[in-house]
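Before any comments, here is the structure.
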Amino acid sequence: QLQLVESGGGLVQPGGSLRLSCAASGFTLNYYAIDWYRQAPGKKREGVSCISSSGGSTKYADSVKGRFTISRDNAKNTAYLQMNGLKPEDTGVYFCVLKFSCGTDVVIQWGNGTTVTVSS
């Protein structure tokens, strides 16, 4: 069964860091892009960052450039989102999403999400 499981969310103070993980099971992650989305309370879901299947290409939303870093370890079947310099507006539920490429809107599978709360 194809599954994506996010972890690493939590409560952090402004300026702090978190590292989110997206573990894949039931399939090999190597052939797919991973896209991270987030949904803040009362707001629509937005794309945060995407990494190609090889890891050679990455994209970031303007709001997180310079603060977030996306990566993947295909040997561990896992993708990551390192979040530094967190701001209250980064609060939300973060989802990892399986796609064929970063340039498509077609989603293969959504994870269940992990909650990030940035607050003092």
Side-chain angles (χ1 to χ4, degrees):
Q1 182 179 357
L2 190 154
Q3 194 172 12
L4 295 172
V5 178
E6 301 94 335
S7 62
L11 173 64
V12 64
Q13 291 186 339
S17 298
L18 284 173
R19 187 196 197 200
L20 305 184
S21 297
C22 172
S25 62
F27 68 101
T28 300
L29 195 59
N30 299 30
Y31 305 114
Y32 303 97
I34 287 291
D35 211 336
W36 284 95
Y37 283 77
R38 67 184 179 189
Q39 187 162 21
K43 295 186 178 181
K44 65 178 183 180
R45 200 172 286 171
E46 63 172 344
V48 174
S49 182
C50 190
I51 187 166
S52 63
S53 57
S54 67
S57 177
T58 58
K59 295 182 179 180
Y60 297 92
D62 288 342
S63 58
V64 306
K65 278 181 183 175
R67 300 188 297 121
F68 290 13
T69 303
I70 193 170
S71 62
R72 63 192 297 155
D73 185 339
N74 285 341
K76 294 184 178 180
N77 233 27
T78 302
Y80 305 95
L81 186 66
Q82 177 68 43
M83 307 186 296
N84 299 329
L86 283 161
K87 304 175 181 180
E89 51 264 42
D90 295 317
T91 294
V93 180
Y94 284 69
F95 302 87
C96 66
V97 177
L98 192 69
K99 293 183 173 180
F100 287 115
S101 72
C102 287
T104 180
D105 291 331
V106 177
V107 172
I108 301 170
Q109 181 71 33
W110 285 87
N112 289 329
T114 185
T115 300
V116 172
T117 304
V118 185
S119 175
S120 55

Handout entry: Any F95 side-chain heavy atom under 4.5 Å of R45 side chain
Key = yes
Problem - Side-chain donor or acceptor of E6 paired with backbone N/O of C96 under 3.5 Å - result: yes
Handout entry: Side chain proximity check, Y94 to Y37, heavy atoms < 4.5 angstrom
Key = no
Practice task
Flag the pair S7 / T114 as yes when at least one side-chain heavy-atom distance between them is below 4.5 Å, and no otherwise.
Solution key: no
Practice task
Please check if atom CG in N84 has more than 12 non-hydrogen atoms from other residues, nucleotides or ligands closer than 6.0 Å.
Solution key: yes
Problem - Contact check, side chains of S119 and L11, non-hydrogen atoms, under 4.5 Å - result: yes
Handout entry: T91 backbone acceptor or donor facing T117 side chain under 3.5 Å
Key = no
Problem - Hydrophobic cluster membership, I51 vs V97, 4.5 Å side-chain cutoff - result: no
Problem - Contact check, side chains of T69 and L81, non-hydrogen atoms, under 4.5 Å - result: no
Problem - With sequence neighbours excluded, residues passing salt bridge (Lys or Arg N to Asp or Glu O under 4.0 Å) with D105 - result: none
Handout entry: Test item: N77 side-chain N/O and F27 main-chain N/O as donor-acceptor pair under 3.5 Å
Key = yes
Problem - Contact check, side chains of T78 and R72, non-hydrogen atoms, under 4.5 Å - result: no
Problem - Same apolar cluster (I L V M F W Y, side chains within < 4.5 Å links), M83/Y80 - result: no
Exercise for the section: Could you tell me whether the side chain of S49 reaches within less than 4.5 Å of the side chain of Y60, counting heavy atoms only? Expected result: yes
Practice task
Mark yes or no for whether N74, through its side chain, and T28, through its backbone, hold a donor-acceptor pair below 3.5 Å.
Solution key: no
Practice task
Would you sort out whether L20 and R38 count as a side chain to side chain contact (heavy atoms under 4.5 Å, CB included), showing the intermediate values?
Solution key: CA-CA 12 Å; L20 305 184; R38 67 184 179 189; over 6 Å; no
Problem - Side chains of S21 and K76 in contact at under 4.5 Å (non-hydrogen atoms) - result: no
Practice task
Would you kindly confirm whether I108 and V5 end up in one hydrophobic cluster when ILVMFWY residues are joined by side chain heavy atoms under 4.5 Å apart?
Solution key: no
